[in-house]
Novice: 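Can you keep this structure in mind? I'll have questions shortly.
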Number of protein chains: 2
Amino acid sequence: MNWQYAAGQEALQLDCINRAQQLIAPYVVHTPVLQNAHLDELAGAQLFFKCENLQRTGAFKFRGACHALLQLPKEVREAGVYTVSSGNHGAALACAGQLLNIKVRVAVPSSGSAVKKANIARYAADIVEIEPGMAAREAIVAQWQQEDPEARFIPPYNHEHIIAGQGTAALELIKEQPHLNSLIAPVGGGGLLSGTIMVGHSQSMAIYAAEPELADDAWASLEQGQIQPAREPKTICDGLLTSLGDKTFPIIRDGVDKIIRVSEQQVIEAMQLIWQELKVIVEPSSATVLAAVLAQPALFQKQNIGLLLSGGNLDITRVPWNSSILELEL
Amino acid sequence: MNWQYAAGQEALQLDCINRAQQLIAPYVVHTPVLQNAHLDELAGAQLFFKCENLQRTGAFKFRGACHALLQLPKEVREAGVYTVSSGNHGAALACAGQLLNIKVRVAVPSSGSAVKKANIARYAADIVEIEPGMAAREAIVAQWQQEDPEARFIPPYNHEHIIAGQGTAALELIKEQPHLNSLIAPVGGGGLLSGTIMVGHSQSMAIYAAEPELADDAWASLEQGQIQPAREPKTICDGLLTSLGDKTFPIIRDGVDKIIRVSEQQVIEAMQLIWQELKVIVEPSSATVLAAVLAQPALFQKQNIGLLLSGGNLDITRVPWNSSILELEL
């Protein structure tokens, strides 16, 4: 697949995501779309929650990782792949590798959440714990590159195949609910948001993103007109700590209608609402989308909104509505 | 519908449930069936979770209540209906009444859970708080009967239309997963279990029930050959406190392969597994089915098992894996 983002080529882009969908269909969960009358009432709109927390490995990341592996040529599949991830991408790649019989190595920063690390360890991946920070990350990638030049680094978001894979979540959603006016996804590195933009624009839908105020580098990047780094963000949204990449930035710059920033308190309240009312477990990063819709009632009033719930990987015994636990997480 | 349970008339019974399914289809959520590789591994079996916690009002009870109202003649619909419920049946009836424009009165014992009471209050029902216990319950029913002889009492489980409605959950499940070997449902009053038996027997599936050790009156009823009352059970499974009725007892006596009793600790562990791994919120009553499967590995080994997750209504800020909270709940 020779894929290049270019504004105005919506049909071509949708085609890429349709092909990704066909490739990954035997491996992914066709996740349910849930609705809830009480949440609709709160929002003054019709909300359609695409539950990627119920995806294999507990997050949408499996879509992109699986697609990236399926696109690899045979010789790379035999050599294996590697990545650096403390979170959902690592588990997604490990699981996809196990299913496709491809050797996976994951370098895990020691700072990551225990549940997410355990989730990576479940699949037959080789795991190496590294120090947090860019230096250790670059060192291990360089080491693996040297040890095995045939093996391939699979990045968490800044890659065409990853973006096309993540886009399949929105594709499934709009096929099931074709009357949506807008889509909203969380933004961290921008893989899910970029794929969502490519799908939504082909249908002339408005596209919104939700980002924690405490990690608002994507918002700042759009303000500044160039990628702004994430500066050690202190948000509980541990899936949204990364900055945009050179593949995701232009798609988001040209394609997002608005990045809505939400406070930690708004995230916690939205997360509690999703657990209590929708009856599904989401991690804080996922709750940003409902927080954003509730924070901007004028923007979404009476619309049909598709919300991408990105994942559900967290320790359910340590939840952020006990304030002492919240302190611990930060 | 002239419905009468009789052993050996599986086709007739399935037909009742098929008709119930057609009637309620415009109102119910076709709930998803979830699978999880980690839970399959723990059980040594393939588990298919029918998520009635994602049903309207957060429990399977909506199916039976909606079906009972749809079966009412016009004059009764105009007069309205009433019930006594501290839990999911009250909310289900209130919601169904609101959708069908039927006046609903619910007497709520003051001992019920706050979340379940709030769930009833959401719909436009008339709510009367009463003392706990049979005396207050019978008094309010007698009062309403006298006040309005045209209005109808809709019981929570001991009624043919309720049983047929609850059976639609298992019907949807086996239509989606026709290769199941067995079904397992929690047993309280026996409405869901009776409907599940009627569906499962038509397909020659084994049928199991899960019951808390601390509320094992259904198990005792089968041992004794007659209905045993529930004696102020102290289980956290607040949806399973009632005893069987004269409609549900014979169906269960003739149709269940085994009632598996589970401890409070087994329920809590299973509930935690469902939250953590399956990423959905279930109330303790629902977790009994996974607890039972994990407690009896020899019985379920290598089978394809359909588990009915009955509901998800509880206060998510007060969960039973904090032992101090557990004390409070009992």
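In what follows, every chain begins at residue 1, and chains take the letters A, B, ... in the order their sequences are listed. These numbers come from the heavy atoms of this one structure, side chains and all, not from hydrogens, waters or symmetry mates.
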Novice: Please give me the minimum heavy-atom distance between I281(A) and V280(B), naming the atom from each residue.
Specialist: CG1-N, 3.9 Å

Novice: Which residue pairs pass the side chain to side chain donor-acceptor pair (under 3.5 Å) test with at least one member in residues 87-99 of chain B, sequence neighbours excluded?
Specialist: T83(B)-H89(B), N88(B)-E283(B), N88(B)-N313(B)

Novice: Based on non-hydrogen pairs under 4.5 Å, which of L54(B), L278(B), N36(B) is most in contact with chain A?
Specialist: L54(B)

Novice: CD of E41(B): more than 12 outside heavy atoms within 6.0 angstrom?
Specialist: no

Novice: To the nearest 0.5 Å, what is the distance between NE2 (H38(B)) and OG1 (T57(A))?
Specialist: 14.0 Å

Novice: Identify which part of E277(A) has an atom lying under 4.5 Å from any heavy atom of chain B, answering side chain, backbone, both or neither.
Specialist: side chain

Novice: Are any of the side-chain heavy atoms of L34(B) and V29(A) separated by less than 4.5 Å?
Specialist: no

Novice: Where on R56(B) is there a heavy atom nearer than 4.5 Å to chain A: the side chain, the backbone, both, or neither?
Specialist: neither

Novice: Within the 4.5 Å heavy-atom criterion, are D315(B) and Q276(A) side-chain neighbours or not?
Specialist: yes

Novice: Between V282(A) and chain B, with a heavy-atom cut-off of 4.5 Å, which part of the residue counts as in contact: side chain, backbone, both or neither?
Specialist: neither

Novice: Got a donor-acceptor contact below 3.5 angstrom from the K279(B) side chain to the G312(A) backbone?
Specialist: yes

Novice: With rounding to the nearest 0.5 angstrom, report the CD1 to CE distance, I316(B) to M271(A).
Specialist: 8.0 Å

